[in-house]
Asks: 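Please read through the structure below; I'll follow up with questions.
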Amino acid sequence: MSLLTVGSVAFDAIETPFGKTDKIVGGAGTYISLASSFFVGQQNIISVVGSDFPSEVLDEMNSRGIDTDGLQIKEGEKTFFWSGKYHNDMNSRDTLTTELNVLEHFDPIVPASYQDSSYVMLGNLSPLVQSKVVERMENRPKLIAMDTMNFWMDIAMDDLKKTISMVDVLILNDEEARQLTDEYALVTAAKKILKMGPSHVIVKKGEHGALLFSVDQMFFAPALPLAEVFDPTGAGDTFAGGFMGYIASTEDRSFENLKRAVIYGSAMASFCVEKFGTQRLLEVTQEDIINRVKEFSDLSSFDLNK
Ligand code: AMP
């Protein structure tokens with residue numbers, strides 16, 4: 001078993017009804033790999049940053065078993081920068097700035113030591129970069145999951161559809177599922193996506209949980225109602241990291257296990273939103289995760305018999 005994550009490692013500036021941050025460390029690849037580090041001892045990441053990126057963050061990743069040989073550092077260039085502002089409901093946001101910087105001409109290199117990765121999580125990045133990584137792997141991984149966002153649907157829909165056709169699990173939010181398929185009903189949207197290539201689709205609905213679909217099965221996982229939500233940034237990526245980390249650690253691709261993985265992903269995402277940026281993820285313990293998963297199980301379990 002080995003897990004490979006591809007995704008942005010970035011600077012973010014975030015504004016929520018509870019506060020505002022200057023540039024802090026974010027990025028889809030950062031959130032994914034931090035979340036999956038709770039499930040797998042060793043993993044790999046492919047990404048790119050500029051020489052303005054703090055080396056301590058890479059050291060922190062290394063200390064959590066995240067190998068950064070595939071993370072290129074471009075001397076004299078600037079790290080990807082994203083800024084966003086959340087609406088009052090915290091379920092929707094506007095992107096204020098996307099500065100691709102090093103991501104603009106990113107050519108992903110798959111180090112020889114990454115070639116045996118059996119599980120691949122293609123986090124949010126240009127779909128061309130995502131497909132290049134898959135094409136550059138000598139053997140087809142056992143499971144490839146992919147996340148994306150409306151930004152790529154707006155500017156690279158054809159490339160995106162090609163990459164979707166190469167993966168097993170597509171993870172996206174409800175708005176994105178509607179934009180991708182031109183369907184309002186999520187069940188119909190999921191059916192259309194399942195015809196594009198993936199065998200499974202996960203549609204995230206923010207504070208309303210997530211739906212997992214295969215051709216003939218469906219599962220709903222709630223989101224934990226939390227008293228304090230400070231910053232939803234990275235929740236989707238953290239979900240993906242928990243989901244793939246759990247699958248890679250259990251090596252079981254059955255629908256029943258994917259259901260458990262969705263719960264672990266949801267549990268990890270519920271931590272992420274409790275503080276700004278990656279702060280909360282860096283504090284979580286294995287015991288916190290066990291307790292949180294139990295809360296998920298208690299939340300919706302009931303006995304049909306009196
Ligand atoms: P999420 O809240 O899960 O959708 O992910 C937010 C993260 O995605 C932030 O940390 C951003 O740095 C990153 N991000 C935003 N836009 C893009 C993009 N166009 N490409 C890659 N990463 C992005």
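Atoms within a ligand are numbered from 1 in the order they appear, just like the ligands themselves.
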Asks: Looking only at heavy atoms of F11, does any of them come nearer than 4.0 Å to an atom of ligand 1?
Replies: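 The answer is no, since F11 has no heavy atom less than 4.0 Å from ligand 1.
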Asks: Test L122 against D147 for side chain to side chain contact (heavy atoms under 4.5 Å, CB included), laying out the working first.
Replies: CA-CA 6 Å; L122 301 174; D147 186 14; over 6 Å; no
Asks: Pull out every atom of ligand 1 sitting under 4.0 Å from any heavy atom of G27, numbered as shown with elements.
Replies: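 With G27 as reference, the close atoms of ligand 1 come out as 9 (C), 10 (O), 12 (O).
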Asks: As an exercise, identify every atom of ligand 1 less than 4.0 angstrom from a heavy atom of Y31.
Replies: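 Heavy-atom distances to Y31 below 4.0 Å select 10 (O).
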Asks: Tell me whether K23 forms a cation-pi arrangement with F81, defined as NZ or CZ under 6.0 Å from the six-membered ring centre and within 45 degrees of its axis.
Replies: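 Checked: cation-pi criterion met.
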Asks: Does L103, backbone or side chain, put an N or O under 3.5 Å from an N or O of ligand 1?
Replies: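 By distance alone, the answer is no.
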Asks: What do you reckon, does F239 put a non-hydrogen atom under 4.0 Å from ligand 1?
Replies: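 Under 4.0 Å: no for F239.
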Asks: Where on R93 is there a heavy atom closer than 4.0 Å to ligand 1, on the side chain, on the backbone, on both, or on neither?
Replies: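 The part of R93 near ligand 1 is the side chain, not the backbone.
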Asks: Considering the heavy atoms of F151, write down every atom of ligand 1 situated less than 4.0 Å from one of them.
Replies: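 Close to F151: 19 (N).
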Asks: Check whether any side-chain heavy atom of V169 sits under 4.5 Å from a side-chain heavy atom of I202, and report yes or no.
Replies: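 They are in contact (side-chain heavy atoms under 4.5 Å apart), so the answer is yes.
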Asks: Quick check on contacts: which atoms of ligand 1 are under 4.0 angstrom from a heavy atom of A10?
Replies: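 So the answer, numbered in order with elements, is 12 (O).
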Asks: For atom 21 (C) of ligand 1, what is the closest protein heavy atom, and at what distance to 0.1 Å?
Replies: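 It is N124 O, 3.2 Å.
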Asks: Would you check if the side chain of S254 reaches a backbone N or O of N257 as a donor-acceptor pair within less than 3.5 Å?
Replies: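 Between the backbone of N257 and the side chain of S254 there is a qualifying donor-acceptor contact (under 3.5 Å).
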Asks: Tell me, which protein residue and heavy-atom name are nearest atom 12 (O) of ligand 1, and how many Å apart are they?
Replies: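 Checked against all protein heavy atoms, atom 12 (O) of ligand 1 sits closest to D12 OD1, 2.7 Å.
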Asks: Is any side-chain N of the basic residue among E251 and K142 closer than 4.0 Å to the acidic one's carboxylate O?
Replies: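 Salt bridge present between E251 and K142.
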Asks: Which ligand 1 atoms does S8 reach within 4.0 Å, using its non-hydrogen atoms?
Replies: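 Matching atoms, with element in brackets: 13 (C), 21 (C), 22 (N), 23 (C).
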Asks: Answer yes or no: does an N/O atom from G26 fall short of 3.5 Å to an N/O atom of ligand 1?
Replies: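 Between G26 and ligand 1, no N or O pair is found under 3.5 Å apart.
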Asks: Please find out if less than 6.0 Å separates the ring center of F38 from that of Y264.
Replies: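 Judged by ring-centre distance (under 6.0 Å), F38 and Y264 do not meet the cut-off.
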Asks: Out of curiosity, is F81 lining ligand 1, as in a heavy atom under 4.0 Å away?
Replies: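 Distance cut 4.0 Å: F81 fails for ligand 1.
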Asks: For N62 and T68: C-alpha separation, side-chain torsions, deciding distance, then whether side-chain hydrogen bond (donor to acceptor under 3.5 Å, both in side chains) applies.
Replies: CA-CA 7 Å; N62 296 152; T68 48; 3.0 Å; yes
Asks: Working to the nearest 0.5 angstrom, can you tell me the gap between S8 OG and F80 CZ?
Replies: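 Between S8 OG and F80 CZ, I get 5.5 Å after rounding to 0.5 Å.
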